Peer 1: 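The following block contains the structure, expressed as structure tokens.
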Amino acid sequence: MQRKISGDFLGYTRRYRWLGSALLIMFIYVGTGLMGLSLGAINKFATLVWLPSGLAVAALLLFGSRLWPAIFLGATLVNYITGAPLFVAICIGIGNTLEPLVCAGLLRHWKVHTTFEELRDVLLLVLLAAPSSTLISATVGVSSLLLGGVIAWPVALASWSAWWIGDLISILILVPLLLTWQTLPQMTRSLSRLAELILLVLCVLAIGSFVFLGLFLPDHQGNPFTYLVLPPLVWAALRYGPRGATVASATFAGMAVMGTIWGNSPFFNSSLSEQLFFLQGFMVTTTATTLILAAVMAERRALDQRKDTFLSIASHELKTPITVLKLQASMLHRQLAKQGLQTSEAPALSSMEVQANKLTRLVEELLDVSKIQAGRLEYVWERVDLDALLREIVGSMQSIYPGHTILLHGAVQASLIADRDRLGQVFINLLSNAIKYSPNAQTVEIDLDASPETATIRVRDHGPGIPPELRDKIFERFYRISNSQQRTISGLGMGLYIVAEIVRRHRGTIVVDSTMGKGSTFTVTLPLKNEREEQRFYQEVHHPSQAEL
């Protein structure tokens, strides 16, 4: 009995919930429909501003196709209130209902993702679902008006064009906007990212006010300023993906319609309907282009993320066999030592150890790159004597590369707050590069200098140099100089990328100065903090949430 009562209660709850949703959708459809038909409608029934189409498609995709009766009743009621005979209003309502059903059905059939972060999904909406479904509504609606004697044949084409474009722009703008924003994105704590977002919003509002509302220069009507909307649309698409692109497009579309109604249309024509016709055609083109660009960039970011995930997994998987290989080599080395033999007498074993060490370094660099991309590269902060660290590194590197002489000039005579291992990784990498890229030179130099606020370390080689156009690229991930002289040098182009990230995390800078044929100098500048700044630095490292307050 209790189970039956619970089942009946849930059934009634579902029915009332469906009825409430249906009534809400119907009222929204009627309200936005009447508003659209009041804005320069051709023959009272065909308008270029028709929000119900996009709202109906989004409602069916979000809440299910069973809400179609609400759309039918809303469409019928709108046209009946506008003055269509009841039979004609019903026929138009059928066409207006088929439109979102077909559009939503096509998007579901082709399994379009509501995030619109894939080019395939955007193209299916722009080239298939939206144009074909709006053809149904425009054709059924205009045919019903003709057969009902509401309009005459000479105005049928203009009515059909306005009907189709109005529905099309509504679907292209509102459907991606509502679907991509059904879940809110994670808020970023980056001040630079927030500042960029605020600047973009101000840019969109300022350009929209100038181009479409006639502010700042009221007499520019008819002048070709509409191209000014393209930079912020591209900006939004590149940096903020489909969400940013849809918001920027919807903002410009709303301001454009408002400006046209107020008499500030960028398209100078005799009537409001003609101005809206050219305006909506322009918005269809820019919106579709922006969505495609946003999808392409989203695909590229997703591909980069999958690549970083693969590198992380591959690096972890490679560590185990390399560790086993090094362990076996160590055991063989001990067995040879027991037999009174040296490693140099077993060239295969010596070569195996060298190659295993190379693989270890490559795997560690791959892991560091994946951690940097994920923001998980760990640092252990402590007070570091920079002079002692560099002397230790120079001594170690000198024993590894006896064919080069590493000269250390000057001293810092100061300590700083840093991760000793990571900072050592920076200078080991710079020295390794200096030696690798100058095989014919005999010396590599390190110059130390300090001021009350900064420590400067210069690593100078006497190799072939770096071309000027490539100096900014060498710090990019996986970038390698591919000229004939340096193509045979081993490496994956990760070292300097990791170096630049570690230096940046230490609030320092790294730059390169190079002369072709004479060598290159990498200059690392690190801040030397006083006690107050060190305390604040520790607070930011260990309690970032409190530091922001």
Side-chain angles (χ1 to χ4, degrees), residues 25-57 59-60 67-106 129-175 257 260-261 269-281 283-284:
I25 291 174
M26 185 186 70
F27 286 135
I28 293 175
Y29 196 105
V30 172
T32 55
L34 292 175
M35 180 193 69
L37 291 174
S38 66
L39 302 176
I42 298 176
N43 302 313
K44 296 178 18 178
F45 297 98
T47 178
L48 288 148
V49 183
W50 185 252
L51 299 180
S53 291
L55 295 174
V57 174
L60 295 184
L67 290 173
W68 69 264
I71 298 172
F72 170 73
L73 291 175
T76 302
L77 188 58
V78 166
N79 288 280
Y80 184 73
I81 293 174
T82 305
L86 180 59
F87 177 75
V88 174
I90 292 175
C91 292
I92 295 175
I94 293 173
N96 286 6
T97 306
L98 287 174
E99 177 186 74
L101 283 172
V102 170
C103 186
L106 288 173
S132 59
S133 60
T134 50
L135 285 175
I136 297 173
S137 176
T139 303
V140 172
V142 174
S143 299
S144 301
L145 293 174
L146 284 171
L147 295 176
V150 179
I151 64 173
W153 280 102
V155 296
L157 181 59
S159 300
W160 186 92
S161 301
W163 199 307
W164 181 67
I165 292 180
D167 288 10
L168 181 63
I169 190 63
S170 175
I171 292 176
L172 290 182
I173 289 180
L174 292 181
V175 171
V257 171
T260 302
I261 295 171
N269 297 94
S270 58
S271 64
L272 177 60
S273 60
E274 290 181 354
Q275 294 176 12
L276 287 172
F277 178 83
F278 289 104
L279 175 65
Q280 297 294 62
M283 293 309 301
V284 164

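The shown structure was predicted, so the numbers you read here are calculated from the model rather than taken from an experiment.
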Peer 1: Do you know the tightest heavy-atom contact between Tyr29 and Ala56?
Peer 2: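 Nearest heavy atoms, Tyr29 then Ala56: CE1-CB, 4.3 Å.
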Peer 1: Determine the minimum heavy-atom distance between Ala59 and Ile25, stating which atoms define it.
Peer 2: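 Minimum heavy-atom contact is CB-CD1, 3.9 Å.
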Peer 1: I need the single residue from Thr76, Asn79, Leu145 that forms a side-chain contact (heavy atoms from CB on, under 4.5 Å) with Val88. Which is it?
Peer 2: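 Exactly one candidate clears the test, Leu145.
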Peer 1: Is the backbone of Gly54 close enough, under 3.5 Å, to the side chain of Ser170 for a donor and an acceptor to pair up by distance?
Peer 2: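 Yes, because the side chain of Ser170 sits within donor-acceptor range (under 3.5 Å) of the backbone of Gly54.
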Peer 1: Could you check if a side-chain atom of Trp50 sits within less than 4.5 angstrom of a side-chain atom of Leu37, using non-hydrogen atoms only?
Peer 2: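 Touching, per the 4.5 Å side-chain cut-off.
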Peer 1: How many angstroms lie between atom CH2 of Trp160 and atom CG of Leu146, to the nearest 0.5 angstrom?
Peer 2: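 The CH2 atom of Trp160 sits 13.0 Å away from the CG atom of Leu146.
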Peer 1: Rounded to the nearest 0.5 Å, how far apart are CD1 of Ile90 and CG of Leu77?
Peer 2: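 Spacing of CD1 (Ile90) from CG (Leu77) equals 11.5 Å.
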Peer 1: Which value, rounded to the nearest 0.5 Å, describes the distance between Met283 atom CE and Leu168 atom CG?
Peer 2: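 Here the interatomic distance stands at 12.0 Å.
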Peer 1: What closest approach, in Å, do Gln280 and Leu48 show between heavy atoms, and which atom pair accounts for it?
Peer 2: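 Residues Gln280 and Leu48, closest heavy atoms: NE2-O, 2.6 Å.
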Peer 1: Between Leu60, Leu55, Ile171, Leu67, which is the residue that forms a side-chain contact (heavy atoms from CB on, under 4.5 Å) with Pro100?
Peer 2: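 The single option meeting the side-chain contact (heavy atoms from CB on, under 4.5 Å) with Pro100 is Leu60.
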Peer 1: Any sub-3.5 Å donor-acceptor pair from Ser143's side-chain atoms to Val140's backbone N or O?
Peer 2: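 No, the answer is negative, given that no donor and acceptor are paired below the 3.5 Å cut-off.
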Peer 1: Working to the nearest 0.5 angstrom, can you tell me the gap between Ser137 OG and Ile94 CD1?
Peer 2: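 Between atom OG of Ser137 and atom CD1 of Ile94 there are 12.0 Å.
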Peer 1: Run Val155 and Ile42 through side-chain contact (heavy atoms from CB on, under 4.5 Å) and show every step you take.
Peer 2: CA-CA 9 Å; Val155 296; Ile42 298 176; 5.6 Å; no
Peer 1: Calculate, to the nearest 0.5 Å, the distance between atoms CG and CH2 belonging to Asn96 and Trp163 respectively.
Peer 2: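 Asn96 CG to Trp163 CH2: 5.5 Å, rounded to 0.5 Å.
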Peer 1: Less than 4.5 Å apart, side chain to side chain, heavy atoms only: is that true for Leu174 and Leu51?
Peer 2: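 A side-chain contact under 4.5 Å exists here.
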Peer 1: Testing Ser133, Ser53, Ser132 for side-chain hydrogen bond (donor to acceptor under 3.5 Å, both in side chains) with Glu99, which one passes?
Peer 2: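 Of the listed options, the one satisfying the test is Ser53.
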Peer 1: Closer than 3.5 angstrom, by distance alone: can the side chain of Thr134 be matched with the main-chain N or O of Asp167 as a donor-acceptor pair?
Peer 2: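 No; zero donor-acceptor contacts below 3.5 Å.
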Peer 1: Between Thr139 (side chain only) and Ile136 (backbone N and O only), is there a donor and an acceptor less than 3.5 Å apart?
Peer 2: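 No.
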Peer 1: With rounding to the nearest 0.5 angstrom, report the CZ to CD1 distance, Phe72 to Ile92.
Peer 2: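 Reported value, rounded in 0.5 Å steps: 11.0 Å.
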Peer 1: Write down the atom of Ile165, the atom of Gly281, and the distance for their closest heavy-atom approach.
Peer 2: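 For Ile165 and Gly281, the tightest heavy-atom pair comes out as CG2-N, 4.3 Å.
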Peer 1: Measure across Ser159 and Ala46 and return the closest heavy-atom pair with its distance rounded to 0.1 Å.
Peer 2: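 Shortest heavy-atom contact: O-CB, 3.3 Å.
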Peer 1: Quick check: are there more than 12 heavy atoms from other residues, nucleotides or ligands sitting under 6.0 Å from CH2 of Trp68?
Peer 2: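 No, CH2 of Trp68 has 12 or fewer neighbouring heavy atoms, counting only those of other groups under 6.0 Å.
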Peer 1: Can you list the steps and then say if Leu172 with Val284 is a side-chain contact (heavy atoms from CB on, under 4.5 Å)?
Peer 2: CA-CA 7 Å; Leu172 290 182; Val284 164; 4.0 Å; yes
